[in-house]
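If you're wondering where the values come from, they're calculated on a predicted model, not measured in any experiment. Note on naming: letters A, B, ... go to the chains in the order of the sequence lines (proteins, then strands), and numbering restarts at 1 for each one.
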Amino acid sequence: MTVLRLGASRAVLELREYFREGLQVVFTFALPFLLLLLFTSVFGQGFAGGSAGAAAYYVPTLTAMGLMAVSFQNLGTAIAAERGDGTLRRLRGMPLPAAAYFAGKAGMVLALAVLQTALLVGTGAAGFGMDLPADPRRWLDLAWILLLGTAACTLLGIAVSSAARTARAAQAVVALPFLLLQFASGVFVPVQALPPWLLNVGAAFPLRWMAQGLRSVFLPESAAAAEAGGSWALGTVALVLAAWCAGGSVLCLLTFRWKGARDG
Amino acid sequence: MTETDGPVIDVRGLRKAYGGAPAVDGVDLEAGRGRITALLGPNGAGKSTTVEILEGFRTPDAGHVRVLGADPARAGRAWRARIGIVWQEPVEPSPLPVRDLLRHFAGYFPDPLHPDEALELVGLSDRARSGARALSGGQRRRLDVAVGLVGRPELLFLDEPTTGFDPASRRRFWAMVRSLADGGTSVLLTTHYLEEAEALADEVVVLRAGRVAARGDAATLGGRRTARATVSWTEGGAPRRVATDEPTRTVADLAARFGGEVPELSVHRPTLEEVYLSLIGGEHEGAAA
């Protein structure tokens, strides 16, 4: 009860602080939206159905990127910063349960994930004429992929925050693998155009499966043939994401530290 | 929950070494309820290590440690709710308004102060709606103190709270800490400012190289009250000085000998600073005063 109440209080505080950090909002929240505008305009002619067709590819793909940005990238850098600037130490000196701290992070990420998805899907539909799925089962798919993928990336973000010794180093430790994964997962270049070895690298991580699963929500059934395995493979999506949730939890338990470099 | 009459801090034989080098080497410490106790010493004397052990942030190698009747290394949330900590390093300020932050932190505690009361105590009432980042350095420090106080702690840790303050802010800060102690809050203060210990502390404990070099109230520290006085004057063009327990008699003898005015006569008793510098030996050289 206390954990839930304090977790909710933390989530509200964290969200308010998040939206007051302009640069952070641009890099972890607004970037997928800007890319959607750019890609749909630039590559619109290359897709069947023009910009609506391009949006049907890029909205789910960039939603996957956005979900990873608000979870993995956001927490990986923010927790490292909190460890360096005294925030974590101060919280440890107060009667705040550790579970409430993490519940607050999870609550903030979930709220950002839902906002991010709504922004991209809304822009695709209203701005580019993307068709919204009529079948409620597709929306159910969207819900579980969002939850499971965001959970996996949240756990990985918490784990990676401990990898760097300083907040400054964390920016690089988080940004580089995220950027490479975006390439390997078909975010910038459609999966059809990627060499098999790069697809295999991407297939080991959550982002590729989040993107593929979300494409199944917005693209017509016929588009499944363009995926790497020739189908949406939603069972594999669920398995890989669940496995990363389990692996991420273990990583968090093994690596998380409250103390920063200057705390000795 | 625990006893209410005993000392709030009871430490005996505290030891902590880093990589074989002792940082705290057999410290005894006792702090009474509602009193301000100052840990005074140069950088590296073991002040911060001692305090971090008392706060439960480090585990000692040896020694008996009780803070509010509990072992800090094992104490839980209920114990944390009874202490307040103001860290030596300021916490990066939040972009949110000061009052909202305090309201948030107050929610962690069972019986907190109203955010406006905490702001009143530290003299920040007129900045309640400001973003914490818009505060000046001294105001940020007072906000740190307000955060330390908002849970209505029985024991407040202040770790070098006024480093970087201008003299006027420092005096205002001292008055605030005194008013807290008058209200019944026990305070453990670490400082390397001698005048801060003298202005605030009911008891001063001087640490040197991990050990207690002296303890007592500021007036009697290191035998200050009974220390010998130095009488100095000039005779035959050369400075002369005598250390004596009876300076009045020495001056009378000199007056009789010179038959009137004694050239450049002065009588000097050791200041707290001189007592302190002699207590910490050569350690002060190169370190901050």
Among B:I85, B:L96, B:I83, single out the residue with the greatest number of heavy-atom pairs under 4.5 Å to chain A. B:L96
Which of A:E14, A:E82, A:R10 passes side-chain hydrogen bond (donor to acceptor under 3.5 Å, both in side chains) with A:Y101? Answer is A:E82
Taking the ring centre of each residue, are B:W174 and B:Y193 less than 6.0 Å apart? no
Under 4.5 Å from any heavy atom of chain A - which part of [X]:
| X | answer |
| --- | --- |
| B:R103 | neither |
| B:V86 | neither |
| B:F157 | neither |

Identify whether NZ of Lys or CZ of Arg in A:R89 sits under 6.0 Å from the centre of the six-membered ring of B:W87 and within 45° of that ring's axis. yes
Could you tell me if B:R77 sits above the aromatic ring of B:Y108, with its cationic atom closer than 6.0 Å to the ring centre and no more than 45 degrees from the axis? no
Is A:L13 close to chain B through its backbone or its side chain, or both, or neither, when contacts mean heavy atoms under 4.5 Å? both
Quick check: closest heavy atoms across B:P95 and B:R133, and the distance to 0.1 Å? CD-NH2, 3.7 Å
